[in-house]
Amino acid sequence: MITFLSIGCFNVKRQAIVSSLFTCLAFPVLAAPPGELPFGVYDPNGGFTNDTDVQIEHLFLPWEDVFLPSLLDADSYALERGRSVLVTIEPWTWTADERNTPEILIAGIANGTYDINIQAICGVLNDFKSPVTIRWAQEMEDASGQFIWADWDPDIYISAYKRVVSTCREISDKFDYMWSPLGHEGLAEYFPGPDYTDIIGLSVFGLQAWEIDVLGQEQSFRDIFEPRYQRALQFGLPIAVAELGYVGSDSYVARWNNEVRQNLEDFPELQAVIYFNQQEVYPWPETDDLPDWQFPQNSLGTQAASLGR
């Protein structure tokens with residue numbers, strides 16, 4: 001099973017033999033939210049292809065079953081648009097019924113089985129002309145069961161993270177590394193240290209219907225981001241929002257649009273926000289909902305939709 005990556009107006013395609021990537025026939029022309037803070041996107045359907053206000057191109061790839069030459073297309077795409085590249089490497093296959101257990105993954109990293117995976121990926125990334133930041137095994141303090149690399153014993157995770165970074169550094173010294181917790185309490189237990197981290201990436205998602213139904217009131221960007229930012233300050237490193245998304249009524253989305261890139265002077269360490277312009281692939285906690293974070297589908301009209309409708 002070979003995975004072709006999502007790059008701009010390219011779509012992910014998974015099958016045994018595929019002659020080439022296929023391009024989307026049409027896509028909306030989207031604009032970044034207003035503001036001066038650097039803005040990035042994970043944008044597999046190419047909505048922000050022509051937006052000159054996007055400075056960061058975000059890629060996701062599994063470290064198993066991936067067609068690595070397609071990464072070079074991502075570099076060309078980003079370079080043409082003057083964008084740096086953030087690469088999130090997920091230590092599994094995207095074929096759900098072929099994934100390892102956490103125990104197999106932990107053992108394989110510790111005994112060097114997966115060294116070849118990171119060597120191959122970093123070898124291709126070393127050929128990039130665009131600046132590259134590597135983000136490995138994100139949201140490691142999440143206990144929801146979404147990721148097979150999350151909620152490990154912190155010492156085991158830190159050892160694995162350090163091995164991945166050290167293995168990649170044997171290939172090249174040109175990359176920056178993003179350590180990327182969700183931002184929950186207890187994140188410090190998983191911090192690998194400043195020698196292995198150049199920037200901290202947090203996740204911030206706003207789902208209006210869930211907030212009203214579960215929390216009793218909707219949240220703003222600041223409501224969610226500020227406590228996570230405060231927890232990350234202890235490490236003395238630059239901070240980014242590595243994954244950002246919001247879905248709700250027109251007025252809810254408008255408020256978030258006007259918060260995420262401007263009037264942020266009280267967050268001096270915040271360096272960038274990176275939007276996840278794709279539908280969620282994992283059910284939202286306590287629901288079966290798969291929010292569509294994509295612009296403009298994330299704006300649901302004048303009334304907030306209830307969960308499940």
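- A donor-acceptor pair shorter than 3.5 Å cannot be found between the side chains of Tyr252 and Gln219.
- In summary, Asp115 and Arg163 engage in a salt bridge, as defined by a charged side-chain N under 4.0 Å from a carboxylate O.
- A salt bridge between Arg231 and Glu141 is absent, with no side-chain N of the basic residue lying under 4.0 Å from a carboxylate O of the acidic one.
- Relative ring orientation between Trp63 and Tyr114 is described as parallel, the plane-to-plane angle staying below 30° on a 0-90° scale split at 30° and 60°.
- Within the structure, the side-chain hydrogen bond (donor to acceptor under 3.5 Å, both in side chains) test picks out the following pairs touching residues 191-205 (sequence neighbours left out): Glu139-Ser203.
- Between the side chains of Tyr246 and Asn257, at least one donor N or O sits under 3.5 Å from an acceptor N or O.
- In this structure, Glu211 contributes its side chain and Leu207 its backbone to a donor-acceptor pair below 3.5 Å.
- Ring geometry for Trp293 against Phe205 counts as tilted: the plane angle lies between 30° and 60°, on a 0 to 90° scale.
- In summary, the side chains of Asn117 and Glu64 do not present any donor paired with an acceptor at a separation below 3.5 Å, with no hydrogens or angles considered.
- No side-chain N or O of Ser144 forms a donor-acceptor pair with one of Tyr282 less than 3.5 Å apart.
- Phe147 and Trp149 have parallel rings, their planes meeting at less than 30° on a 0 to 90° scale where 60° marks the start of perpendicular.
- With no hydrogens or angles considered, a side-chain donor-acceptor pair links Asp65 and Thr93 at under 3.5 Å.
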- request: Go through the steps to decide whether Asp73 and Ser70 satisfy the test side chain to side chain donor-acceptor pair (under 3.5 Å), and finish with yes or no.
  value: CA-CA 5 Å; Asp73 294 328; Ser70 62; 5.8 Å; no

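- For the pair Ser76 (side chain) and Leu72 (backbone), a donor-acceptor distance under 3.5 Å is present.
- Ion pairing between a basic and an acidic side chain is recognised when a charged N comes within 4.0 Å of a carboxylate O; Asp75 and Arg83 show no such pairing.
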